[in-house]
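To keep things clear, I will list the structure first and then write my remarks on it.
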Protein chains: 2
Amino acid sequence: MTRTLLAEAVSPPVACCAPVAGPDIDPEGARTLASIFKALADPHRVRIVNLLANAEEPVCVCEFMPLLGLAQGTVSFHLKKLLAAGLLEREQRGTWAYYSLDRDALSRLAGVFDPQGGPR
Amino acid sequence: MTRTLLAEAVSPPVACCAPVAGPDIDPEGARTLASIFKALADPHRVRIVNLLANAEEPVCVCEFMPLLGLAQGTVSFHLKKLLAAGLLEREQRGTWAYYSLDRDALSRLAGVFDPQGGPR
DNA sequence: CGCATGTATTGACACTCGTCGATCCAGGGC
DNA sequence: GCCCTGGATCGACGAGTGTCAATACATGCG
């Protein structure tokens, strides 16, 4: 198994792959996995992911504010968390920042729960 | 008793099923989904789930203490969180309490991330 | 250049969480 | 009955989180 041990030094990037139902997870892997769940452990962030999942194109930050009813700084805060977890991608278009969902990360996450280990 | 258990008491503890990539999730559903992720947003709880996933039979509380290196009260605390999220099942055998994984809940959780509910 | 606008970051605050030690609650022996 | 033992709960404490207002950072436009 090609584990991503060094990438963690920079940040816990990708929504990666220790299958929760697979072989024993070491404390290190548990920390990585937990950090991804922590990114999803907020209703507003769940909604952000859901909104992006249903959006065909990247979404501007300014769109989230009215949808979530949050101040601009708070929206940035949540997007940053999801970005750090490797669930989102950021793209700068002029003055605006557009966020989109990393669908690969999401399907890898589905594999984490699959009894026999999903795609990979 | 004067706790804000209102939401928790009312809402079903099931690790249920609003697909994150499915149709729009209302704030209510987002809260439910986030509460499940919150249950998994801790390294020790991830390890507990992993240990139970690999165990053929229910595991006694006393076994977790040395494995996790946590005090007895802390282990109970984590197990209670996972139980409340509907991820675990509890069984009392005399003086001992045995916990096991609700595998249905786990596979439902996998479906939450699947684009249309079940490729493979 | 200066200015307006969209994002990111910071400071402060209330709140929640994870942890321990101590205490309380059941069951099972004696 | 009493005591022992495993588990749950409580009290307290430090650490972390979510929120806003305010501020700093870019980028584009006049």
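The chains referred to below are lettered A, B, ... by the order of the sequence lines, with proteins before strands, and numbering in each begins at 1.
Atom CG of B/L68 and atom P of D/dG7 are 13 Å apart (whole Å). If you measure from atom CH2 of A/W96 to atom P of D/dT27, you get 13 Å, rounded to the nearest angstrom. Atom CZ of B/F64 is separated from atom C1' of C/dT19 by 18 Å (rounded to the nearest Å). Residue B/L40 contributes atom CG, which lies 14 Å from atom P of C/dC17 at whole-angstrom precision. Atom-to-atom, CE of B/M65 to P of D/dT5 comes out at 13 Å; the value is rounded to the nearest Å. One interatomic measurement links the two molecules: CG of B/L82 to P of C/dG18, which rounds to 10 Å at whole-angstrom precision. Whole-Å rounding puts the B/E91 CD to D/dG7 C1' distance at 15 Å.
Side-chain atoms of A/L106 and B/F113, non-hydrogen and from C-beta on, do get closer than 4.5 Å to each other.
Judged by distance alone, the side chain of B/E63 and the main-chain N or O of B/M65 form no donor-acceptor pair under 3.5 Å. Panel note: side chain A/R103, backbone A/A53; a donor-acceptor pair is recorded below 3.5 Å. In terms of modelled atom types and a separation under 3.5 Å, the side chain of A/Q72 and the main chain of A/T74 share no donor-acceptor contact.
Distances shorter than 4.0 Å separate some side-chain N or O of A/K80 from OP1 or OP2 on C/dT9. Note on B/R90: a side-chain N or O is less than 4.0 Å away from OP1 or OP2 of D/dA8.
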Could I get a table of every N or O pair under 3.5 Å where one atom is in the protein and the other is in nucleotides 24-30 of chain C?
none

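Shown are B/L52, B/V46, B/L88; of these, the side chain to side chain contact (heavy atoms under 4.5 Å, CB included) with B/L82 is made only by B/L88.
Residue-level contact check: B/Y99 touches the backbone only, with heavy atoms under 4.0 Å from sugar-phosphate atoms and none from bases.
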| What one-letter contact string describes nucleotides 17-24 of chain D from 5' to 3', where B marks a base within less than 4.0 Å of any protein heavy atom, S marks contact via sugar-phosphate atoms alone, and - marks no contact? | SBBB----
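By the 6.0 Å contact criterion, CD on B/E91 is enclosed, its count of non-hydrogen atoms from other residues, nucleotides or ligands being greater than 12.
Under a hydrophobic clustering in which Ile, Leu, Val, Met, Phe, Trp and Tyr are joined whenever their side-chain heavy atoms come within less than 4.5 Å, directly or via other members, A/L51 and A/L40 fall into the same cluster. Hydrophobic clustering keeps A/W96 apart from A/L67 (ILVMFWY residues linked when any side-chain heavy atoms are closer than 4.5 Å, directly or through intermediates).
Sorted by first and then second residue, the side-chain hydrogen bond (donor to acceptor under 3.5 Å, both in side chains) pairs with a member in residues 41-52 of chain B read B/R45-B/H78; sequence neighbours excluded.
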